[in-house]
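Just so it is clear, the values below take in all heavy atoms, side chains as well, and ignore hydrogens, waters and symmetry mates. Start at 1 and go down the list; that is how both ligands and their atoms are numbered.
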Amino acid sequence: MASAATARAHTNIALVKYWGKKDAELRLPFTSSISMTLDRFYAQTTFEVLPASGESEFILDGAVVRPAAAERVMKYVKLLQRRFSVSGNFRIVSENHVPMSAGLASSSSAFSALAAAFAKAYELEVSREELSRMARLGSGSACRSVFGGFVKWEKGTDDASSIAIPLVEAPTIDLTLLAVEINTKQKLVPSTVGMRRVVETSPYYPTWVEDTERACTLMEEAIRAEDFTRIGQIAQQSALDMHALNLTARPGFTYFQPETLLAISTVEQLNAAGVECYFTIDAGPNIKVLTRAGNVEEIVSRFKQVLPEVTIAASSFGPGVEFLR
Ligand code: DP6
């Protein structure tokens, strides 16, 4: 068989964070998590099954990825091939549509788009639920990008039950996410590594698990009530808890840079001045600001004053996985 398929998946940002696995191979998390899928950033991936003579390759944004860097993706495809009893060499051609240098290049859209393109290329009849399970095996957060809008990843107890479910697929709440990219060349602790260190060494990890379960319940209520203030407050606290936890690992570490703290205090000052906004931060120094459409201009201009080097991109709710051919 030699067939190909193209899929697009949008990046998601966790409002209640996933930070720690109890099963590293199956990527089963210790906690559930909740995210919003973005309209602005996505990965578009073509998966092609090659004739027997073809060599497997991974092309990202027009360049062949060297074997060492492609290893995670290649291993992932082989895992899916075993799972579905299909075979063959393959070519993956992926484009990251992220209108900034690196700040939002995300494994969530990448593995979700790849899982979908793989399924279609092999003509596997998979449900969205199964697609979410497949995406999770590539990167935990990717299971949430299968769906649009507000999404919950139910932690589950095993491979079958640990999947994302849509909470509100096309939300009408007035909510804009501003991705503020702080330019930094700092080398990061990959999220897989950071969360493992925390699980294995932080004496506070059990508290994180309890708090996150509670945060999920509260966040779900806030989403259903379209309560922007509660959504923002809970999201901000979840991010602060996650970053506080990193400091308590042995050895402790942080993703924050001096500019991250400046950005946090900028959000606090805006809030104090009556411009309601909240922040969330992932495994890097960049900050994402949650606000209402009417505040965007003022927030952007304040950030440009305080941190003239930043790039800011506004995003709203995006769709789930789409098949292009
Ligand atoms: C901080 O999904 O990248 O963005 O499962 O090891 O691939 P792996 O981790 P990944 O971690 C995401 C961490 C986060 C929080 C989140 O998206 O929930």
Engineer: With sequence neighbours excluded, give me every ring-ring contact (aromatic ring centres under 6.0 Å, His included) pair touching residues 232-267.
Structural biologist: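 Passing the test, one end in residues 232-267: His243-Phe256, Phe253-Tyr255.
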Engineer: Write down, by chain and number, every protein residue that brings a non-hydrogen atom to less than 4.0 Å from an atom of ligand 1.
Structural biologist: Ala14, Lys17, Tyr18, Trp19, Lys21, Arg27, Arg72, Ser107, Ser139, Gly140, Ser141, Arg144, Ser191, Thr192, Met195, Met242, Asp282, Ala283
Engineer: Looking at Gly318, is its backbone amide N or carbonyl O close enough to the side chain of His10 to form a donor-acceptor pair, meaning the two atoms are under 3.5 Å apart?
Structural biologist: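 Judged by distance alone, no pair lies under 3.5 Å.
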Engineer: For the rings on Phe90 and Phe58, is their centre-to-centre separation under 6.0 Å?
Structural biologist: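 For Phe90 and Phe58, the ring centres are not under 6.0 Å apart.
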Engineer: Does the separation of the ring centres of Tyr18 and Phe30 fall below 6.0 angstrom?
Structural biologist: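 No - the distance between ring centres of Tyr18 and Phe30 does not fall below the 6.0 Å cut-off.
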Engineer: Determine the sole option in Asp282, Thr212, Asn246, Asp241 for which the side-chain hydrogen bond (donor to acceptor under 3.5 Å, both in side chains) test with Trp19 is passed.
Structural biologist: Asn246
Engineer: Could you tell me whether the side chain of Ser35 reaches within less than 4.5 Å of the side chain of Ser141, counting heavy atoms only?
Structural biologist: no
